Structures are given as C-alpha cells and as structure tokens.
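First the structure, in the form of structure tokens, and then the observations on it.
Bear in mind that the values here come from a model prediction, so they are computed numbers and not experimental data. The sequence lines fix the lettering, A, B, ..., with proteins before strands; numbering per chain opens at 1.
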2 protein chains.
Amino acid sequence: MVVAKSNNLSDSLEDYLEDIFNLEGKSDVARSKDIAKLLGVAKPSVTGALKLLAKKGLVNYRPYGYVTLTDSGVAEAARVAGKHNIIKSFFVNILGVDAKVAQEAACKAEHALGPAIISRLLDFTDFITRTNGSGSDLADKFKRFRKRQHRINK
Amino acid sequence: MVVAKSNNLSDSLEDYLEDIFNLEGKSDVARSKDIAKLLGVAKPSVTGALKLLAKKGLVNYRPYGYVTLTDSGVAEAARVAGKHNIIKSFFVNILGVDAKVAQEAACKAEHALGPAIISRLLDFTDFITRTNGSGSDLADKFKRFRKRQHRINK
DNA sequence: TGACAAAGTTAGGCGAGACTAACTATAATT
DNA sequence: AATTATAGTTAGTCTCGCCTAACTTTGTCA
C-alpha cells in the first residue's frame, strides 16, 4: 500500500528531510555520514536521497560538499518534524508511553496522519493537559485509571 | 524506511490479511476480485499476495479456489483488525474526526503502532469516554474546547 | 451442451529504496 | 608536502510490491 502524497515526497524522503533538519539544528550542518547513521542506512543510500531531494529543490547539494536545506526544504522538514513532535508528545504526556517507544512510533505514524488528525491531536493534547474542574490533571487521572485496570497483571 | 517486523509480515501483507478477514466476516468467503477491489490493486497482485500468505500458513489457497484464513491467519488478522478499530475509535469518538478520514488514517497507522501504544490507546479511549466529575462527557468538552480555540477561523 | 462472460493466473516488466564493492575526493597527521 | 585515514560517490545488484497483456479456468445461460 504505497500512498500518493500531495507533496510528492515518499515516506523515505520525508525521513531524510527530517533528519537533515534535526542535524542542522544541532550543528548547523548535516554530514552525509551522520544522516546515514541516524537513519540506519548505508552511505550510498544517502547520496541517492540527496540527489532526489536536490532535484525537488529541497536541499542544496554538491558532491563532497555540506548539505543544507533550502527555504522550501526547511518548510517541508518543519512540517514533518512538527507532526512528529505532536504525536510523540501525545504518546508520552498523555498516554504515558516510554520515551524511546514513543519516539520510534512517532517516526512511523508521522507519515500516516494527515493534517485533519494532527490538528485535532495537538488541540487535544493541549486540552487534556490542562487542569479540569476537579483540580486534578487528567493525564494523572488516566495513569491511576490504567493502574487500576491492570492491577491484576502487576 | 522499511521496518523489520517480529511477525515477519510486511505492511502490505497485513493489509491483505485484514481485508480477507473482513470479507470472510461479511460473506463467509473472500473472492480474489473483491480483495483486489477493496485494496485498490490489480488482480495479479492479489494472486501474488495469496501465494505468499499461503507459504506462511496464514491462508488456505488453491488456484481458482475460494480463499479462507487458517487458524493462525485468523489470529494475525484479528490482531491487525483490532488495532485498526482501536485507532479509528480514538480518532472518531475522542478527536471527533470524520469517519472516512479516520478510516483511511487508521489503515496506515495500524502498521506504525506497537502493542505498548495500542494497549494504552484502548484504555485511554475507554477512560475518556466515561463521564467524569463534572457530569459532562470529556469528548464533548473537547469538542467545545476546540470550537472555542478555532472560532476565529470559522 | 456449447458459447460467452467473468474470474483468476502466468509471464514479463518497472520503480523505489535499499545493499556491497570499488573508486575518488577531502582532511588530518607527521 | 606526502601519506594515510575518513568521507562521499559510482556502478551494479537485489527485493518488494505493483502493473499490463495474454492466457486459462470456471460459471452461466440459451
């Protein structure tokens, strides 16, 4: 089930873009080797992806040179990274999922959820994080609820 | 980013399995033509998938014969379909997402979310659906919250 | 029961995205 | 500055999942 995207970017290319974005944020520059390591792919795979992204005008690529995002590359990457954070935040802060598990699941789910759902998920996380009438945080309430539900397994 | 799965089933094969499961539920039998239609693929793709699933012992397949799930096929398919329903239910009943959008997103997200997250999502949907102290359903509260948040766009 | 329609299969091919092996360019060290 | 290590690229291959065209089997109906 390969899905046509409006932005014409495959899941794979979105991942590259996102990682370049994160690397730029950390060290102002993305090195091919680091991209490969972060994504868990071999170096030639990175070269191939960079060429594709360059053709789409999303990265500035020159053989043996440093990699930077173009303006539209930054925009695209930020969109993907934003999804990632919204999803991960929901998993961690609301569902109480382990950070590492949440991180990995968010990596995959970010390609599955469109703007309608992402927007609602963001609002919902915001909503549920707030203190409600009872003066007790709902995420905490849920943790206790879940503990009760599963006490038989503990 | 192709992901290794513990069950050794690709996203694609999980989709076939799930659709066969649903077709069996409706008419006791899955016809190749209907699988193709449901998944939006050409008929030869179905033949190929059925052979793979048969090799894994998940479907009973004979050329030109009807397709049924084996016991382990049912188990696998039920697991996937279960995920699907939990995710869709959260989208629709909690986030208030349109049913069609939720359906499609769930189709993709079901491959992204592992048991730790699914289990919590199920509990959470259960939890949040219940009436809380204020006597008002939280999903409803969220709808109002969201309406307030976005009233500027309306 | 024979002809035709519908369903399913086979054969061959294509693109995406990964890999390894071998090569080239850049950087670092002395 | 020459050597060596590291980074990056090229070339070629593989698998997966899809496709179309052509063929075979099964079902229907006059």
- prompt: Rounding to a whole Å, what distance do you find between B:Asp11:CG and D:dT15:C1'?
  reply: 15 Å
task: Report the distance from atom CG of B:Leu23 to atom P of C:dA7, rounded to the nearest whole Å.
output: 14 Å
- prompt: When you measure from every atom of DNA chain D, which of residues 60-67 of chain B have a heavy atom less than 4.0 Å away?
  reply: B:Tyr64
- request: Check whether any side-chain heavy atom of B:Asp15 sits under 4.5 Å from a side-chain heavy atom of B:His111, and report yes or no.
  value: yes
query: D:dT6 C1' sits how many Å from A:Lys37 NZ, rounded?
result: 14 Å
query: What integer distance in Å separates A:Arg31:CZ from C:dT26:P?
result: 16 Å
message: Assess whether a salt bridge exists between A:Arg79 and A:Glu110, defined as any Lys/Arg side-chain N lying under 4.0 Å from an Asp/Glu carboxylate O.
response: no
field: Option among B:Leu53, B:Asp71, B:Leu52 that satisfies the side-chain contact (heavy atoms from CB on, under 4.5 Å) test with B:Leu58
entry: B:Leu53
Any residue meeting side chain to side chain donor-acceptor pair (under 3.5 Å) with A:Asn85, in chain and number order, not counting sequence neighbours: none
task: Measure from CG on B:Leu39 to C1' on D:dC19 and round the result to the nearest Å.
output: 15 Å
CA sep, side-chain torsions, deciding dist, call: B:Arg146, A:Phe127, side-chain contact (heavy atoms from CB on, under 4.5 Å): CA-CA 8 Å; B:Arg146 189 172 152 82; A:Phe127 165 74; over 6 Å; no
field: Nucleotide C:dG8, atom C1' - distance to CD1 of B:Ile35 in whole Å
entry: 11 Å
field: Per A:Lys51 side chain, nearest of listed nucleotides D:dG8, C:dG17, D:dT10
entry: D:dT10
task: Return the value, rounded to whole Å, for the distance between atom OH of B:Tyr16 and atom C1' of C:dG8.
output: 14 Å
query: Given the side-chain rings of B:Phe90 and A:Phe90, with only the six-membered ring counted for Trp, is the space between their centroids under 6.0 Å?
result: yes
Short side-chain N/O contact from B:Ser12 to OP1 or OP2 of D:dC18, under 4.0 Å: yes
message: Which residues in residues 41-50 of chain A have a heavy atom closer than 4.0 Å to any atom of DNA chain D?
response: A:Lys43, A:Pro44, A:Thr47
message: Nearest whole Å is fine: how far is D:dA7 P from A:Lys33 NZ?
response: 4 Å
message: Counting C-beta onward and ignoring hydrogens, is there a side-chain heavy-atom pair between A:Thr129 and A:Ile94 closer than 4.5 Å?
response: yes
- prompt: Charged N to carboxylate O below 4.0 Å: is that the case for B:Arg31 and B:Asp34?
  reply: yes
- request: Kindly give the heavy-atom pair with the smallest separation between A:Leu113 and B:Ala105, and that separation in Å.
  value: CD2-CB, 4.2 Å
